[in-house]
Amino acid sequence: TRAPVRGTIEEETELTLEHVRLILERAGCTFADVVKCTCYLADLADFPGFNTTYQSTFTNAVPPARTTVQALLLSGIKVEIDAIVRLPEGR
């Protein structure tokens with residue numbers, strides 16, 4: 001429906017990262033190919049819960065660079081994530 005799904009910061013972060021995973025998969029990539037993320041939180045007080053979920057997703061030895069900022073997000077969502085990805089060799 002494209003309607004925002006609201007939940008705890010952990011639930012919204014998990015769902016957002018699942019959407020990122022699906023986009024990566026379509027491009028023939030994985031989370032290991034992500035080199036930089038910009039993460040937008042509606043409330044920086046949510047950072048601990050966000051960070052726990054985020055870190056459980058990026059388990060590679062060298063996690064991507066990350067910037068996390070507070071922002072006014074549309075539709076009352078708690079988190080938005082931009083990812084910059086390098087294509088695997090041969091793509």
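Small disclaimer: the values here were computed from a predicted structure and weren't measured. Residue numbers start at 1 and run along the sequence shown.
- Side-chain contact between Pro63 and Tyr54: absent, with no pair of heavy atoms (C-beta onward) separated by less than 4.5 Å.
- The cluster map of Ile, Leu, Val, Met, Phe, Trp and Tyr, joined by side-chain heavy atoms under 4.5 Å apart, puts Phe58 and Val20 in the same cluster.
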side-chain contact (heavy atoms from CB on, under 4.5 Å) between Thr53 and Gln55: does it pass, once the steps are laid out?
CA-CA 6 Å; Thr53 304; Gln55 287 183 330; over 6 Å; no
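- Lys36 has its side chain within reach of Thr38: a pair of non-hydrogen atoms, C-beta onward, lies under 4.5 Å apart.
- Distance check, rounded to the nearest 0.5 Å: OG1 of Thr57 to CD of Glu18 gives 9.5 Å.
- Heavy atoms from other residues, nucleotides or ligands lying under 6.0 Å from CD of Glu10 number more than 12.
- There is no path of hydrophobic side-chain contacts, each under 4.5 Å, that joins Leu15 to Phe31.
- Looking at Asn51 and Arg66, their side chains come closer than 4.5 Å, going by heavy atoms from C-beta outward.
- Between Glu12 and Arg6 the shortest heavy-atom distance is OE2-CA, 3.3 Å.
- A search for side chain to side chain contact (heavy atoms under 4.5 Å, CB included) contacts involving Thr52 returns nothing, not counting sequence neighbours.
- Annotation: side chain to side chain donor-acceptor pair (under 3.5 Å) contacts of Thr30 (sequence neighbours excluded): none.
- Remark: Asp46 CG to Thr8 OG1 distance equals 9.0 Å, nearest 0.5 Å.
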Check residues 68-87 and write down every donor-acceptor pair under 3.5 Å in which the side-chain atom is one partner and the other belongs to a residue at least two apart or another chain.
residue	atom	partner	partner atom	Å
Gln70	OE1	Leu44	N	3.3
Lys78	NZ	Gly7	O	2.8
Asp82	OD2	Tyr40	OH	3.4

